[in-house]
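Read through the structure below, which is laid out as structure tokens, and then see the notes.
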Number of protein chains: 2
Amino acid sequence: MPKRPARKSAYHHGDLRNALIQAGTRLLRHVGLDDLSLRRVAKEAKVSPAAPYRHFPDKHALLAAISERGFHSLHARLEAARAASPGDLDASGQAYLAFALAEPETYRLMFTKNVLCEGEPPESLQEAGRQAFQSLVATIAEGQASGRIARRDADQLALGAWALVHGVAMLIIDGALDREPYNQLPPGHLLSACQAIFREGWRTLP
Amino acid sequence: MPKRPARKSAYHHGDLRNALIQAGTRLLRHVGLDDLSLRRVAKEAKVSPAAPYRHFPDKHALLAAISERGFHSLHARLEAARAASPGDLDASGQAYLAFALAEPETYRLMFTKNVLCEGEPPESLQEAGRQAFQSLVATIAEGQASGRIARRDADQLALGAWALVHGVAMLIIDGALDREPYNQLPPGHLLSACQAIFREGWRTLP
DNA sequence: TGTACATCAGTGAACGCGCGTTCACTGATGTAC
DNA sequence: TGTACATCAGTGAACGCGCGTTCACTGATGTAC
């Protein structure tokens with residue numbers, strides 16, 4: 001009874017909730033977060049401005065749903081990286097960055113709290129975020145188990161790795177690295193350089 | 001002839017350009033970037049909605065000026081940290097974070113490109129950003145000169161240090177760390193933990 | 001299988017709002033004589 | 001020192017716009033008989 005195929009009467013859409021999330025994601029790609037309005041998403045989905053209210057209580061809820069789907073994509077990429085290179089923290093970081101740069105405005109949305117909700121974020125969104133983060137944690141645990149990663153506090157390692165890659169991603173997305181000497185290198189190399197320091201440390205050895 | 005003292009006729013303000021930048025900074029603190037409009041800034045400065053156009057060609061220019069002042073403040077904090085602890089990269093990072101958390105919405109503005117301008121950012125804003133960044137670079141140079149920081153590529157060290165602290169700052173500002181176990185620690189400790197890894201490295205030693 | 005009907009996902013017009021920006025104006029200022 | 005005047009930083013009303021949201025409605029759907 002649910003899960004109607006997309007092709008129906010054109011009056012009843014059949015899968016509008018999903019279509020709105022996809023339309024929103026597409027608009028993020030093409031017009032950006034600042035110009036994303038409920039009305040534009042409705043238009044992109046070829047539906048009247050009031051139609052989204054059948055599926056989302058308000059604009060925040062739609063944005064939260066788009067963001068949630070973003071976290072699922074991110075999670076999928078991290079899991080793929082983990083499957084390909086278990087315990088390889090640098091590979092996970094590169095996969096993370098690849099997502100952020102493939103969908104920069106979705107990524108920005110995912111980390112812009114006030115736009116996603118007023119007050120507490122919906123539980124399902126929080127859960128999606130936790131899931132993606134857990135993938136990072138799992139990589140670290142694997143790395144520690146195999147002896148490649150030192151047995152430091154895993155929460156701290158996860159935070160550090162996350163902050164580093166998030167920082168690089170945001171700096172690139174916001175254009176802060178569009179200048180000498182950083183604009184001479186592809187993003188993956190910029191991250192690699194940061195990862196090398198994070199792996200080796202910057203202190204002088206005795 | 002320029003630099004009129006603030007108290008004049010109340011019709012001619014005397015120093016409106018500055019007053020607008022301050023009013024904007026105050027509003028960022030109290031209502032946030034999303035609700036910052038030219039009209040609100042004018043109102044906060046007790047001036048008509050058209051008055052700002054005597055000093056800024058458009059809204060972007062006012063925001064860029066606010067942002068520029070933000071970079072000057074950040075630069076001042078970094079220089080103070082450097083004077084107090086030359087060559088201490090961790091101290092610089094803490095000073096950086098302190099600024100970001102003291103003025104979170106100004107900080108967010110400073111790194112939100114599309115809001116600051118369309119197309120190229122104004123030269124003076126870019127220069128202010130470079131200046132702040134150079135303070136970090138100088139700290140690294142000092143640290144290398146005194147032998148505390150390894151003689152790696154300084155550009156890479158600067159990028160890594162910047163990305164790490166920017167990442168931590170953004171994650172905190174956007175509420176991504178408002179959950180277990182990270183919400184149990186003050187921001188400075190979270191950063192310290194990340195800095196420890198960045199300093200020592202996470203690899204296992206032979 | 002065929003028909004009557006309740007459901008509810010959509011429509012489209014309308015609302016009030018705050019926005020960035022413009023325009024003709026006003027009146028305080030500092031300068032020239 | 002005193003007055004006429006050009007300058008230009010402000011005013012306040014107005015513009016057109018797109019926004020989020022509401023409402024009474026319409027018509028396709030699936031179900032009960």
Side-chain angles (χ1 to χ4, degrees), chain A residues 1-24 27-28 30-66 109 114-119, chain B residues 1-24 27-28 30-66 109 114-119:
Chain A
M1 167 208 317
K3 301 291 167 218
R4 299 274 89 221
R7 204 75 298 269
K8 299 189 68 172
S9 70
Y11 189 98
H12 281 103
H13 182 288
D15 194 23
L16 185 54
R17 192 190 139 91
N18 264 299
L20 287 168
I21 294 173
Q22 283 169 4
L27 282 177
L28 279 172
H30 297 132
V31 314
L33 180 54
D34 291 337
D35 292 327
L36 191 77
S37 66
L38 234 204
R39 297 178 87 104
R40 266 181 106 138
V41 175
K43 191 176 205 177
E44 175 78 14
K46 299 188 194 312
V47 112
S48 82
Y53 287 90
R54 288 284 147 197
H55 302 273
F56 302 98
D58 59 17
K59 189 193 179 187
H60 293 303
L62 170 56
L63 292 179
I66 294 170
L109 169 66
N114 8 0
V115 175
L116 290 173
C117 56
E118 21 202 19
Chain B
M1 167 208 318
K3 301 294 167 214
R4 300 275 90 223
R7 202 77 296 273
K8 299 188 67 173
S9 69
Y11 189 98
H12 281 100
H13 181 288
D15 193 23
L16 185 55
R17 192 189 140 91
N18 264 298
L20 288 168
I21 294 173
Q22 283 169 4
L27 281 177
L28 279 172
H30 297 132
V31 313
L33 180 54
D34 291 337
D35 292 327
L36 191 79
S37 67
L38 233 205
R39 296 179 87 104
R40 268 181 104 138
V41 176
K43 191 175 204 179
E44 174 78 13
K46 298 187 195 312
V47 113
S48 83
Y53 288 90
R54 288 284 147 196
H55 302 273
F56 302 98
D58 59 18
K59 190 193 180 188
H60 293 303
L62 170 57
L63 293 179
I66 294 170
L109 169 65
N114 7 359
V115 175
L116 290 172
C117 55
E118 22 203 15

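Computed from a predicted structure; not experimentally measured.
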(message) Can you measure Leu63(A) atom CG to dT21(D) atom P for me and round it to whole angstrom units?
(response) 10 Å

(message) Distance check needed: dG18(D) C1' versus Lys43(A) NZ, whole Å only.
(response) 11 Å

(request) Please name the pair of heavy atoms, one in Asp35(B) and one in Arg40(B), separated by the smallest distance, quoted to 0.1 Å. (result) O-CD, 3.2 Å

(request) Could you check how far CG of Leu16(B) sits from C1' of dT29(C), rounded to whole Å? (result) 16 Å

(request) Select one nucleotide: of dG10(D), dG20(C), dT22(C), the one nearest the side-chain heavy atoms of His55(B). (result) dG10(D)

(message) Once rounded to the nearest 0.5 Å, what's the spacing between atom NE2 of His60(A) and atom CG of Asn114(A)?
(response) 9.0 Å

(request) Look at the side chain of Asp58(B) and decide which nucleotide, out of dC23(D), dT11(D), dT21(C), has an atom nearest to it. (result) dT21(C)

(message) Is there a side-chain contact (heavy atoms from CB on, under 4.5 Å) between Lys59(B) and Leu63(B)? Walk through the geometry before answering.
(response) CA-CA 6 Å; Lys59(B) 190 193 180 188; Leu63(B) 293 179; 4.1 Å; yes

(message) What is the separation between atom NZ on Lys46(A) and atom C1' on dG12(C), rounded to the nearest whole Å?
(response) 18 Å

(request) Report the nucleotide, chosen from dG20(C), dG20(D), dG12(C), that has the shortest atom-to-atom distance to any side-chain atom of Tyr53(A). (result) dG20(D)

(request) Check every atom of dG20(D), dC23(C), dG20(C) against the side chain of Lys59(A) and return the nucleotide holding the closest atom. (result) dG20(D)

(request) Grab the CZ-P distance between Arg40(B) and dG20(C) for me, whole Å please. (result) 11 Å

(message) Give the dot-bracket line for DNA chain C from 5' end to 3' end: parentheses for intra-strand Watson-Crick or G-U pairs under 3.5 Å, square brackets for crossings, | for inter-strand pairing, dots for unpaired.
(response) .||||||||||||||||||||||||||||||||

(request) Measure the spacing between CG of Leu27(B) and CG of Leu33(B) and express it to the nearest 0.5 Å. (result) 11.5 Å

(message) Nearest whole Å is fine: how far is dG10(C) P from Phe56(A) CZ?
(response) 11 Å

(message) Can you say whether a donor on the side chain of Arg39(B) sits under 3.5 Å from an acceptor on the base of dG20(C), or the other way round?
(response) yes

(request) Return the nearest nucleotide to the side chain of Val47(B); candidates are dG20(C), dT11(D), dG20(D). (result) dT11(D)

(request) Take Asp35(A) and Ala50(A), find for each the nucleotide of DNA chain D with the closest heavy atom, and name the residue whose nucleotide sits nearer the 5' end. (result) Asp35(A)

(message) For Pro52(A), run the side chain to side chain contact (heavy atoms under 4.5 Å, CB included) check against Val41(A), Val47(A), Asp58(A) and tell me which one passes.
(response) Val47(A)

(message) From C-beta outward on Ala51(A), which listed nucleotide comes closest to its side chain: dT21(D), dG10(C), dT21(C)?
(response) dG10(C)

(request) Grab the two heavy atoms, one from Leu20(B) and one from Ala45(B), that are nearest each other, plus how far apart they are. (result) CD2-CB, 3.9 Å

(message) Using 0.5 Å steps for rounding, measure from the CG atom of Leu38(A) to the CZ atom of Phe56(A).
(response) 9.5 Å

(message) Output the rounded distance in Å from CG (Leu38(B)) to C1' (dG12(D)).
(response) 16 Å

(request) From the options dT11(C), dG12(D), dC19(D), select the nucleotide whose nearest atom is closest to the side chain of Ser48(A). (result) dT11(C)

(message) Please determine whether any donor N or O and acceptor N or O are separated by less than 3.5 Å between the side chain of Arg54(A) and the base of dG10(C).
(response) yes

(request) Could you check how far CD of Glu118(A) sits from C1' of dT21(D), rounded to whole Å? (result) 13 Å

(message) Show the nearest heavy-atom pair for residues Gly24(A) and Ile66(A), with the distance to one decimal.
(response) CA-CD1, 3.8 Å

